[in-house]
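In listed order, ligands and their atoms are each counted from 1. Just so we're clear, the structure is a prediction, and the values are computed from it rather than from any experiment.
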Amino acid sequence: MAEIEAIPSPGKKYRKESLMDLDPVLLRALLRERVHHNIEVPLYPVLLRQQLKPIPNFGLQAQLVFNVWRERGLSEEGTDLEWVKRYIDIAARVRKGERPDIPELEASLPKPFTASEMDVVRKLIWGRCSIRDWTDEPVPDSLIDQIMEAGRAAPVGCNLDAVRFIVLRTSGEKSMIWSDISIDNAVIIVICFDNRISATVGQDRMVPQNLGYDAAAAADHMLLMAHALGLGGVWLSKTVKSDHTEDTGRKFKELYGLPDHIDVALHIAVGWPASGIIKSKRVPLSEMIITKKT
Ligand SMILES: Cc1cc2nc3c(=O)[nH]c(=O)nc-3n(C[C@H](O)[C@H](O)[C@H](O)COP(=O)(O)O)c2cc1C
């Protein structure tokens with residue numbers, strides 16, 4: 001089998017020895033990222049080639065990281081590791097010139113929703129609104145878990161999974177959060193990210209904005225799920241220090257005792273709605289589409 005000795009990530013070069021010492025959280029992120037960029041992204045154009053010739057180097061960077069993962073005896077259980085192993089196997093076949101059978105492709109093909117499914121989608125997308133007033137009825141943990149699960153399903157840059165959540169319920173915990181509204185009756189979910197992960201794969205140099213985007217995508221999924229569960233939610237900005245506010249993220253980080261590598265991106269507040277609102281309306285689509293003036 002062809003072998004490689006090092007993985008060139010943007011601004012980094014990992015040799016096997018350095019991977020043997022890498023924190024498992026970061027190694028897992030690198031593994032997910034390499035499988036994504038070194039196998040998943042180039043795979044489908046490769047498969048479309050009529051005659052698949054052996055591609056000796058295909059997926060070898062991902063394979064190297066996986067070999068280290070295995071050699072270190074790290075757990076191969078978990079849905080993301082199953083996904084990793086699936087692609088590692090497919091890449092090994094492509095290296096030999098085989099055209100691997102991938103039955104999952106059929107099930108993942110987008111198909112138009114039925115009319116009644118579309119009604120639900122529109123109801124969710126256009127019915128969601130920002131609720132800023134909540135009753136004191138407690139929100140069960142099971143619903144908060146469903147909201148975080150929805151955040152977990154959101155798109156993530158480079159397939160890194162660096163988003164992290166903190167759930168705040170008590171008034172003491174919530175007092176660490178700056179907000180322009182009263183959040184006494186709300187559960188706050190702080191959406192953070194692990195900044196070591198982006199540095200590990202060089203994302204911090206190539207696409208530093210992605211970590212904030214990942215958190216934002218998670219927040220949107222979470223607010224949609226909160227709405228579907230009958231809860232009212234709102235996005236709360238993380239302010240940076242100005243004359244009339246304090247740096248919410250930094251204050252929270254200090255008071256909550258977060259490690260340096262966890263950065264706060266934003267918060268959402270969810271709870272049982274005390275009242276509805278006059279739903280805000282958007283500008284017409286025609287004003288949102290920019291066309292080149294001739
Ligand atoms: C990036 C972002 C930051 C926001 N920050 C706040 C905030 O700090 N406080 C707040 O009450 N609402 C905040 N919101 C909610 C917006 O005010 C709200 O989405 C907007 O007015 C449209 O109303 P709708 O959500 O009901 O459609 C924020 C929304 C976004 C996307």
message: Less than 4.0 Å from atom 20 (C) of ligand 1, is there any heavy atom belonging to the protein?
response: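 So far as the 4.0 Å threshold goes, atom 20 (C) of ligand 1 is out of reach of every protein heavy atom.
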Just heavy atoms, cut-off under 4.0 Å: does [X] contact ligand 1 by side chain, backbone, both, or neither?
X: K281; answer: neither
X: L266; answer: neither
X: L236; answer: both
X: C129; answer: both

field: Summary of side chain to side chain donor-acceptor pair (under 3.5 Å) pairs that have at least one residue in residues 123-139, sequence neighbours excluded
entry: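 Sorted pair list comes back empty.
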message: Taking side chain to side chain donor-acceptor pair (under 3.5 Å) as the cut-off, I'd like each qualifying pair that reaches into residues 96-107, sequence neighbours left out, listed once.
response: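 Residue pairs passing side chain to side chain donor-acceptor pair (under 3.5 Å), neighbours aside: R86-E104, R93-E98.
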NZ/K111: more than 12 non-hydrogen atoms of other groups inside 6.0 Å: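 Count over threshold, so yes.
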For the [atom1] atom of [X] and the [atom2] atom of [Y], what is their distance to the nearest 0.5 Å?
X: L27; Y: F66; atom1: CG; atom2: CZ; value: 11.0 Å
X: H37; Y: N159; atom1: NE2; atom2: CG; value: 8.5 Å
X: Y44; Y: I102; atom1: OH; atom2: CD1; value: 5.0 Å

Who's the nearest protein heavy-atom neighbour of [atom], and how far?
atom: atom 9 (N) of ligand 1; result: D180 OD1, 3.1 Å
atom: atom 11 (O) of ligand 1; result: R132 NE, 2.6 Å
atom: atom 8 (O) of ligand 1; result: S237 N, 2.9 Å
atom: atom 23 (O) of ligand 1; result: S280 OG, 3.3 Å
atom: atom 6 (C) of ligand 1; result: W235 O, 3.0 Å
atom: atom 26 (O) of ligand 1; result: S130 N, 2.8 Å

Check ion pair R152-D161 (N to O, under 4.0 angstrom):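 Judged by the 4.0 Å cut-off on N to carboxylate O distance, R152 and D161 do not form a salt bridge.
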query: Does the distance from a Lys or Arg side-chain N to an Asp or Glu carboxylate O, for D141 and R169, drop under 4.0 Å?
result: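 Yes, D141 and R169 are salt-bridged.
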